[in-house]
Amino acid sequence: MDYQFKDIEQKWQQFWAQNGTFKAEDKSAKPKYYVLDMFPYPSGAGLHVGHPLGYIASDIFARYKRLKGFNVLHPMGYDSFGLPAEQYAIQTGQHPAVTTEDNIATYRRQLDQIGFSFDWSREVRTSSPDYYKWTQWIFMQLFNSWYNKDANKAESIAKLVAHFEQEGSAGINAVCDEEILSFTAGEWNAMSNPKQQAELLKYRLTYLRESTVNWCPALGTVLANDEVKDGFSERGGYPVEQKKMMQWSMRITAYAERLLQGLDTIDWPEPLKEMQRNWIGKSTGASVKFPVPGSGSEVRGAAHATGNANHATYIEVFTTRVDTIFGVTFLVIAPEHELVATLTTPEQKADIDAYIAVTKKKSELDRMADAKTVSGAFTGSYVLNPLNGEKIQIWIADYVLAGYGTGAVMAVPSGDQRDYLFAKHFNLPIVPILDIQNIETEADPTKEGKYINSDFMNGLDYKAGTAAVIAKLESIGAGKAKINFRMRDAIFGRQRYWGEPVPVYFKEGLPHLIEENHLPLLLPEVDKYLPTESGEPPLGRAEDWSYKSETGGDSASYHYELSTMPGWAGSSWYWYRYMDAKNDKEFASREAIEYWKDVDLYIGGSEHATGHLLYSRFWNKFLKDLDLVVEDEPFKKLINQGMIQGRSSIIYRVVFDDNPNGYPPLLLSKNIYVDFRESVTSEGQPFLNDDLKNIIEQQYGKEIADNIPYSNSRVFIPTRIDVNIVENDILKTEKLGLHLPEFKDAIFVKENGKYYCGHEVEKMSKRYFNVVNPDDIVTRYGADTLRMYEMFLGPLEQSKPWNTNGIEGVFKFLRKFWRMFHNEAWEFSVSNAEPSKAELKSLHKIIRKVEEDVERFSFNTSVSSFMIAVNELTDLKCNNRAILQDMVIILSPYAPHICEELWTLLGNPAGTLSYAPFPKFISSYLIEDEFAYPISINGKMKMNLSISLSLDVKEIEAAVLASADVQKYLDGKAPKKVIVVKGRIVNMVV
RNA sequence: GCUCAGAUGGUGGAACUGGUAGACACGCAGGACUUAAAAUCCUGUUCCCGUAAACGGAGUGCGGGUUCGAUUCCCGCUCUGAGUACCA
């Protein structure tokens, strides 16, 4: 039979499903291997051809590992809470759960027909209550934990309370809010419960605080920083503004250092690690307190006095170049700095107020665009340099950000370019502090040379100077070495419906956890998915959304938290759920976690670099601290698959200004358009030239050619058309009218009888008509062809446009492979003869190549190698069972359906080849006696010469020089030098 | 601006540690089969010079360098893509 991919694929997909072929064992003598894909959000649009790219790669790897004798866990699920289903609910009233269910069904059907080897018995859905029960449970653990800096790990709040009861707040070194009380055990024990709870909230790893959030009025929700792009929401592109709000936050900053260190232990793409490093943004430096004269703090030793908004005693700055402190000539604080009002003198008040007013009006975008212009205002106040008592002006300027460091900087114009420009602009002094510094035209940030103008540091170098200045500052209590992080705590709440409810109720204005046996806290029904009239989140519409106390005869009811968890909650631990997906006692059993441990290979897009991948590492480290999981890092190896972009097809329409008779659209084939577009008149108006007229006349006759409206102002409108009616850039002209009726009677000006389209690479999207659906490819060529073609397209990690142009080649390859097992009459027929040396050589070449390629994720090159092997074996007329059987196993991770079928036809016992042993590479089959040495002269390859590989370097040289062909090139002269690399090359210098 | 990645035929790409640049595939051209088309098969296909072949020359974004030999290493530049942005 001919290659009937449709029947074969259906048959085997059914077989796998019915037999649970890919069900992973939770215990096995085999080594474990966990291959994970980033689970998709099931959107209404279904899968396009770009989505499966990573899944195909991971599936090939999973299947390969099975053949290599591993117990493979390869699961799939859905990140099914999210905005689109909710937006759809708002528009149509359809419950997001229903929409989600429908979308998942579509996804499942599409995934199934590509033939993935997922263990569907472990499917998870983040929106399902038996899943989000455990998301809520983990939230509760975070609420019940604080970060002990001394132990460098999270510990239970109970332990903290015990400490407070015994010893008060002394001896606690925690990552916590800035303003905490200090109290004795007695004071703590005397506090009311609400007071204690309020204090504890400052320590909890998830906590409430008023924070400035990215509020998106159009979406009615708060967005995370990574969901905002240039002041607009990533989804939908609506404007985003800053707003103060009580919000749940996650104390991820507690883990900043560990998140940074952990990067060195995992095998991730370097650019991705770099993004996380930048996001965490560690900088090492010092904080320095500059005393305000007259406040009393300028007296040495008194600089530890606390500052407050009404009475400024000092200004604290953070700097990475504390060694430049003698070059400080002014101080700049952010316009939002809390001391601005206090520091402003009456004479300067007008200036400062005006400046603040201008700053407030500027949006984030303006501020960015304005980066080059210098602006600022003098407060009228001064601070003293803590080391030499010099009086320094305090300015405000919007280049200093309130949210970073302390919102104040010490300006060193000799070393920092921004400070330099500022000093030049406002005529402030510039003092060089290093002997080799050149500051004539710009700042010089050098660390070379010896210090000058620097008191006790004079003559020291950078290293010694920095140490000396920190020691000095510490000794007088005016500063200390400090590490600063850019990363902020993560906001953990959305004012939305379709998310996990937060398992918290409020009593006397303070949050309390519900009892664990009440989990899951189910998402309530609401009449509309919009905020309430009073502006509360949609959960405010739910009837009876309140907690009823069961203890202590307290019959009161307390309302639950109204916001829901953000999109990243459910995805921050899901890989553990796959280990034990049905467990209703634990998020996953200890046993399962100890067996599967972590993800060995994780494949997904780099767009999650600072979102999902950072939060997941954070939660993992937290769970590790609680001894609930066993590994520090969740994803050992990570690969980013590239994005598949769309490739839009474009037709070129000529529009006539003056077209009274409704002349049909005139469409120019691409190269004619290009020529024609370039032949414009001097006024820039295109004109219809004779060449074009001739083409039209040839195709449509003189009458039509003569009747084209000849106005001078014609415009070209490039129009995108459905890529599915274009093949190899040639438009199927007869189909255009069906797709776009306006072109029903269009006149096509063709080249060589064909209409060629132009193309544009851009996002794959419905509005560009460039979406290619995997279903169509599967229907036309089959899943095996789709799988191999997606891999053949190019390196996995590279972004590339989808182009169906080459798919025929892959399809032909599979047919050719099928044909090797069949005779002229398409009957199955293989021989049992001993394989020839040449056949064995081809086979073992491909065994080695595929092993090497798969291990380094170079799937595109192994597809090429398969083609080479099949071409070679076909040339050898190979239909040898021993060879073909091994070929079937090697190819099966890529094209599983056809291989399963051939495996059965080869007479193997009924069942699957998924667990057959991968053929063993035997190097002796590749050993050659001779090698065709490339002979180069002065590095230019001239000819090949076959020489026995048993000869040594001297003998090779002799053999080469003895060759008559070589002598011809040498023209009788002896070469100056001969380089021989055994088994590689011979090069002669003449 | 900074950080990172990349640039190879008409196209997607290959060349893994410096050693025959362009594998494999698409497209294109020519041919076979066919009444014809589709399908299939065969041949050619980096560019330039040459009627053609032999042969010769150039060639991996640009300019230099190291080397017997550079797509690969080093320096400088251009362009493209991604991330980030007044981070003190």
Side-chain angles (χ1 to χ4, degrees), chain A residues 230 269-275 277-279 281-283 285 317-322 324 332 334 364 367-368 370-374 397-401 403-412 415-419 421-422 484-486 606-607 609-610 640 642-643 645 728-730 752 759 761 789 792-795 797-810 812-813 815-816 819 849 852-853 856 858 860-871 932-944 975-981 983-990:
Chain A
D230 301 332
E270 201 47 49
L272 199 125
K273 288 192 191 181
E274 202 55 33
M275 277 163 74
R277 286 192 192 106
N278 290 338
W279 187 264
K282 178 179 179 174
S283 42
V317 303
F318 175 75
T319 175
T320 53
R321 287 296 302 274
V322 69
T324 63
V332 188
E364 195 105 340
R367 254 168 104 148
M368 263 165 13
D370 257 13
K372 293 278 176 291
T373 49
V374 178
D398 63 6
Y399 80 78
V400 176
L401 308 173
Y404 182 77
T406 59
V409 303
M410 57 179 228
V412 185
D416 181 286
Q417 185 58 19
R418 276 168 332 203
D419 296 346
L421 292 173
F422 198 87
N484 204 35
F485 290 96
R486 193 185 80 104
S606 60
E607 66 272 21
T610 51
N640 287 131
M643 269 239 299
Q645 296 137 301
N728 291 326
D729 290 338
I730 298 163
N752 307 323
H759 71 267
V761 172
Y789 185 60
F792 189 57
L793 224 42
E797 302 186 62
Q798 193 175 303
S799 284
K800 56 229 158 194
W802 176 266
N803 189 341
T804 315
N805 287 359
I807 199 163
E808 296 277 351
V810 172
K812 276 191 235 166
F813 157 77
R815 284 189 57 163
K816 201 168 175 178
R819 173 118 37 108
K849 179 75 173 148
E852 283 172 2
D853 284 352
R856 67 190 171 104
S858 176
N860 57 324
T861 49
S862 38
V863 176
S864 300
S865 309
F866 280 125
M867 291 172 171
I868 296 170
V870 166
N871 287 347
Y933 278 89
I935 311 295
S936 356
I937 295 177
N938 293 335
K940 280 272 169 204
M941 213 280 278
K942 294 295 177 187
M943 57 179 287
N944 284 103
K976 278 189 205 140
K977 195 171 170 188
V978 181
I979 294 105
V980 178
V981 183
R984 283 267 188 209
I985 200 168
V986 177
N987 189 23
M988 282 174 286
V989 188
V990 294

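Residue numbers begin at 1 in each chain, while the letters A, B, ... track the order of the sequences.
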For this session: Give a yes/no answer on whether the side chain of R486(A) brings an N or O atom under 4.0 Å of OP1 or OP2 in A85(B).
Result: yes
For this session: Find out whether T861(A) and R856(A) are in side-chain contact, i.e. whether some heavy atom of one side chain is under 4.5 Å from a heavy atom of the other.
Result: yes
Exercise. To the side chain of E274(A), which of U40(B), C87(B), U3(B) is closest?
Worked result: U3(B)
For this session: Write down the distance separating the P atoms in U11(B) and A70(B), rounded off to the nearest Å.
Result: 26 Å
Exercise. With a non-hydrogen cut-off below 4.0 angstrom, is P795(A) in contact with a base, only sugar-phosphate, or nothing?
Worked result: sugar-phosphate
For this session: Please name all residues satisfying salt bridge (charged side-chain N to carboxylate O under 4.0 Å, His left out) with R277(A), sequence neighbours left out, ordered by chain then number.
Result: D264(A), E270(A), E274(A)
Exercise. Over how many whole Å does the gap from N938(A) atom CG to A70(B) atom C1' extend?
Worked result: 15 Å
For this session: Under 3.5 Å for both distances, Watson-Crick or G-U wobble, that's the pair rule; now give the dot-bracket for RNA chain B, with | marking pairs to another strand and [ ] for crossing ones.
Result: (((((((..(((......[....)))((((((.......))))))(((.......)))..(((((..]....))))))))))))....
Exercise. Atom CG of L272(A) and atom P of U84(B): how far apart are they, to the nearest Å?
Worked result: 12 Å
Problem set entry | Same-atom distance (C1') from A21(B) to A14(B), integer angstrom | 10 Å
Exercise. Say you pick atom P in C48(B) and the same atom in U40(B); how far apart are they, in whole Å?
Worked result: 31 Å
Seminar exercise, completed: To the nearest angstrom, the CD-C1' distance between E797(A) and G81(B) comes to 15 Å
Problem set entry | U60(B) and G18(B), which share atom name C1', separated by this distance in whole Å | 15 Å
Exercise. Quick one, which residues of residues 404-412 of chain A touch RNA chain B with a heavy atom under 4.0 Å?
Worked result: Y404(A), V409(A)
For this session: Please measure how far the C1' atom in U84(B) lies from the corresponding atom in C16(B), and state the result in whole Å.
Result: 32 Å
Seminar exercise, completed: From CD of Q417(A) across to P of G1(B) the rounded distance in Å is 14 Å
Exercise. Which pair of heavy atoms, one from A932(A) and one from N944(A), lies closest together, and at what distance?
Worked result: O-ND2, 3.3 Å
Problem set entry | 5'-most by nearest nucleotide on RNA chain B - T320(A) or M275(A) | M275(A)
Problem set entry | N or O in side chain of Q645(A) less than 4.0 angstrom from G81(B) OP1/OP2 | no
Problem set entry | Length of the CD-C1' vector between Q798(A) and A7(B), whole Å | 11 Å
For this session: Classify every nucleotide of nucleotides 16-27 of chain B by which part a protein heavy atom approaches to under 4.0 Å, writing B for the base, S for the sugar-phosphate alone and - for neither, in 5'-to-3' order.
Result: B--BBS-BBSSS
For this session: Applying side-chain contact (heavy atoms from CB on, under 4.5 Å) between N640(A) and each of P271(A), S799(A), S606(A), report the one that passes.
Result: S606(A)
Problem set entry | Pairwise C1' distance, C26(B) and C75(B) [rounded to whole Å] | 39 Å
For this session: Rounded to the nearest 0.5 Å, what's the gap from CG on N987(A) to CD1 on I937(A)? Could you check?
Result: 8.5 Å
Problem set entry | R418(A) side chain near C87(B) phosphate (N/O to OP1/OP2, under 4.0 Å) | yes
Problem set entry | Integer angstrom distance from the P of A7(B) to that of G13(B) | 10 Å
Exercise. How would you label the glycosidic angle of G9(B): syn (within 90° of 0) or anti?
Worked result: syn
Exercise. Has K800(A) got a side-chain N or O lying under 4.0 Å from the OP1 or OP2 atom of G12(B)?
Worked result: no
For this session: Could you measure between the two P atoms, the one in C4(B) and the one in G56(B), and give it in whole Å?
Result: 45 Å
Problem set entry | Residue list, side chain to side chain donor-acceptor pair (under 3.5 Å) with N803(A), at least two apart or on another chain | N805(A)
Exercise. Looking at residues at least two apart in the chain, or sitting in another chain, which of them share a ring-ring contact (aromatic ring centres under 6.0 Å, His included) with F318(A)?
Worked result: none
Exercise. Quick one: does V863(A)'s side chain get under 4.5 Å of D853(A)'s, heavy atoms only?
Worked result: no
For this session: Grab the CE-C1' distance between M988(A) and C68(B) for me, whole Å please.
Result: 11 Å
